[in-house]
Asks: 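I have a structure I would like to understand better, so I am pasting it below and will then ask my questions one at a time.
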Amino acid sequence: MLITATPDQLRRTATYASVAVSSTLIAAKLAAYLATESVSVLSSLIDSSTDLMASLVTLLGVRHALRPPDANHRYGHGKAEALAALTQAAFIGGSALLLSVEAVRRLVHPEPVAEGAVGIAVMLLSIVLTAALLTFQRRVQIATGSVAIGADRLHYSGDLLSNGAVIVAILLTGWTGIAAFDPLFGLGIAGFLLFGAKGVAREALNVLMDRELPEEDRARIAALVMEEPGARGLHDLRTRNAGTGHFIELHLELDGTLTLTAAHEIADRVERRLRDAFANTDVLVHQEPAGLVDERLDHRIREAGGGAMPG
């Protein structure tokens with residue numbers, strides 16, 4: 001599948017797999033909670049319920065993001081992925097707060113955990129299914145760079161850890177008879193979820209706010225441009241992650257005596273070089289004669305204290 005499928009097909013398949021796994025786990029964990037009344041199992045059930053809502057948002061977001069550019073969206077619809085990821089962060093944060101309230105209530109009014117074996121069996125099933133989903137999502141994320149799939153994978157990674165924590169909580173409660181272990185682990189899981197929500201939100205906002213690609217990528221872009229014979233320099237390099245791909249824009253400095261055709265051929269080679277190096281990337285190169293003194297974005301950034309830029 002990963003060998004023959006296109007990036008778009010991989011994104012869609014990953015969202016369908018996520019919805020299927022979360023739906024299965026909700027049914028299993030609901031049955032386990034009704035049998036055990038464990039707050040740790042409840043925490044995992046709430047988490048899986050949130051996962052399903054978040055996965056449905058991801059499915060819709062990815063589906064919209066994969067729509068081709070149109071007259072009103074000439075840069076495409078890729079930021080729909082980031083919006084889906086931001087919604088995921090809200091779901092995760094909300095579930096963590098609800099879990100914290102229930103865990104505190106159980107600390108104040110302790111209740112024993114019943115049918116611990118049932119809870120452990122369901123958590124083991126959850127670990128197996130979640131681990132399989134994470135493996136697939138990791139491969140899809142590497143192949144596509146999808147921010148929405150990455151966000152989905154992040155909170156499922158939290159699920160994997162929380163499921164293990166639930167097993168430990170049930171075992172400790174059963175061995176020691178101390179009911180507080182169960183809600184304390186629930187509070188710990190809630191803290192982990194909040195931490196994960198913060199990371200998801202930050203990554204989504206970086207896309208929505210057109211944050212530049214990492215500095216090492218910018219340096220690589222500049223190096224690739226200058227490897228092209230005829231390139232005298234570059235400036236006003238701008239990059240951004242559009243969710244389903246990247247955009248690279250730059251001003252290429254060339255010999256001012258070149259014909260328009262010759263300059264265009266050099267720019268075409270630079271664009272191909274960058275597209276080969278960065279998958280799913282739209283490249284725009286503006287040609288300028290070397291030595292031209294004009295108003296530049298780089299100058300405005302330096303004056304604003306934004307640091308040195310290529311060029």
Side-chain angles (χ1 to χ4, degrees), residues 6-8 10-11 65-82 141-147 150 203-311:
T6 66
D8 290 357
L10 289 175
R11 280 184 168 91
L66 293 178
R67 292 171 58 186
D70 56 38
N72 294 319
H73 304 87
R74 296 179 186 270
Y75 284 99
H77 301 80
K79 286 189 177 181
E81 280 205 6
Q141 188 182 8
I142 290 174
T144 66
S146 169
V147 64
E203 185 176 356
L205 287 172
N206 283 342
V207 174
L208 293 172
M209 294 300 294
D210 291 333
R211 184 179 178 86
E212 286 286 329
L213 296 183
E215 198 56 43
E216 54 268 25
D217 286 339
R218 288 177 52 84
R220 185 183 176 202
I221 291 168
L224 288 169
V225 171
M226 295 311 298
E227 288 177 4
E228 177 62 36
R232 297 288 185 86
L234 74 147
H235 60 270
D236 287 0
L237 170 61
R238 296 195 293 183
T239 63
R240 65 185 178 93
N241 183 347
T244 54
H246 301 92
F247 285 89
I248 299 174
E249 301 178 17
L250 60 93
H251 289 219
L252 177 64
E253 300 172 18
L254 302 169
D255 185 343
T257 64
L258 290 173
T259 65
L260 179 60
T261 299
H264 178 71
E265 289 174 351
I266 294 174
D268 274 352
R269 290 198 296 270
V270 168
E271 290 177 355
R272 284 195 297 270
R273 188 186 294 266
L274 293 176
R275 282 195 295 267
D276 289 342
F278 295 89
N280 302 320
T281 297
D282 194 313
V283 182
L284 176 63
V285 173
H286 172 72
Q287 306 151 33
E288 283 191 9
L292 178 68
V293 179
D294 60 355
E295 183 180 354
R296 297 183 180 182
L297 173 64
D298 289 346
H299 296 161
R300 297 200 300 271
I301 292 176
R302 288 195 186 99
E303 291 169 359
M309 298 289 172

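Quick caveat, the model's predicted, so the values are computed rather than measured. Numbers here are sequence positions counted from 1.
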Asks: Give, for atom CG of Leu208 and atom CD of Glu203, the distance between the pair rounded to the nearest 0.5 Å.
Replies: 11.0 Å

Asks: When you compare the side chain of Glu253 with that of Leu292, does any pair of heavy atoms fall below 4.5 Å?
Replies: no

Asks: In Å, rounded to the nearest 0.5 Å, how long is the span from NE2 of His235 to CG of Asp294?
Replies: 5.0 Å

Asks: Under 4.5 Å between any side-chain heavy atoms of Asn241 and Asn206, yes or no?
Replies: no

Asks: Within the structure provided, determine whether Thr239 and Asp217 are in side-chain contact (heavy-atom separation under 4.5 Å).
Replies: no

Asks: What residues, two or more places apart in sequence or in another chain, satisfy side chain to side chain contact (heavy atoms under 4.5 Å, CB included) together with Arg240?
Replies: Tyr75, Lys79, Asp210, Ala242, Phe247

Asks: Taking atom CZ as the centre, does Arg238 end up with more than 12 heavy-atom neighbours from other residues, nucleotides or ligands that are less than 6.0 angstrom away?
Replies: no

Asks: If I take atom CG from residue Leu224 and atom CZ from residue Arg275, how far apart are they, to the nearest 0.5 angstrom?
Replies: 13.0 Å

Asks: With a 3.5 Å distance limit and no angle check, can you tell me whether Asp236 reaches the backbone of Leu297 through a side-chain donor-acceptor pair?
Replies: yes

Asks: Who are the side chain to side chain contact (heavy atoms under 4.5 Å, CB included) partners of Glu216, not counting sequence neighbours?
Replies: Pro214

Asks: Nearest heavy-atom pair of Ala82 and Ala204: which atoms, and what distance?
Replies: O-CB, 3.4 Å

Asks: Give, for atom CZ of Arg273 and atom CD of Glu227, the distance between the pair rounded to the nearest 0.5 Å.
Replies: 5.5 Å

Asks: Applying side chain to side chain contact (heavy atoms under 4.5 Å, CB included), can you list everything that pairs with Leu258, at least two apart in sequence or on another chain?
Replies: Leu254, Asp255, Ala262, Ile266

Asks: Distance from Asp298 atom CG to Arg302 atom CZ, nearest 0.5 Å?
Replies: 5.5 Å

Asks: Under the side chain to side chain contact (heavy atoms under 4.5 Å, CB included) criterion, do Asp70 and His77 qualify, and how do the steps go?
Replies: CA-CA 9 Å; Asp70 56 38; His77 301 80; 3.2 Å; yes

Asks: Sort out for me which residue in His251, Glu288, Met226 forms a side-chain contact (heavy atoms from CB on, under 4.5 Å) with Leu234.
Replies: Met226

Asks: Between Ala231 and Leu252, what is the shortest heavy-atom contact and its length?
Replies: CB-CD1, 3.9 Å

Asks: Could you check if a side-chain atom of Val225 sits within less than 4.5 angstrom of a side-chain atom of Leu237, using non-hydrogen atoms only?
Replies: no

Asks: Below 3.5 Å, can you tabulate the donor-acceptor pairs from side chains in residues 276-286 to any protein atom, sequence neighbours excluded?
Replies:
residue : atom : partner : partner atom : Å
Thr281  : OG1  : Phe278  : O            : 3.0
Thr281  : OG1  : Ala279  : O            : 3.1

Asks: State which residues pass side chain to side chain contact (heavy atoms under 4.5 Å, CB included) with Thr261; sequence neighbours excluded, sorted by chain then number.
Replies: Thr259, Glu265

Asks: Looking only at heavy atoms, which two atoms of Ala290 and Arg232 are closest? And how far apart?
Replies: CB-CB, 3.8 Å

Asks: Taking ring-ring contact (aromatic ring centres under 6.0 Å, His included) as the definition, give me every residue that meets it alongside His246, ordered by chain and number, with sequence neighbours left out.
Replies: none

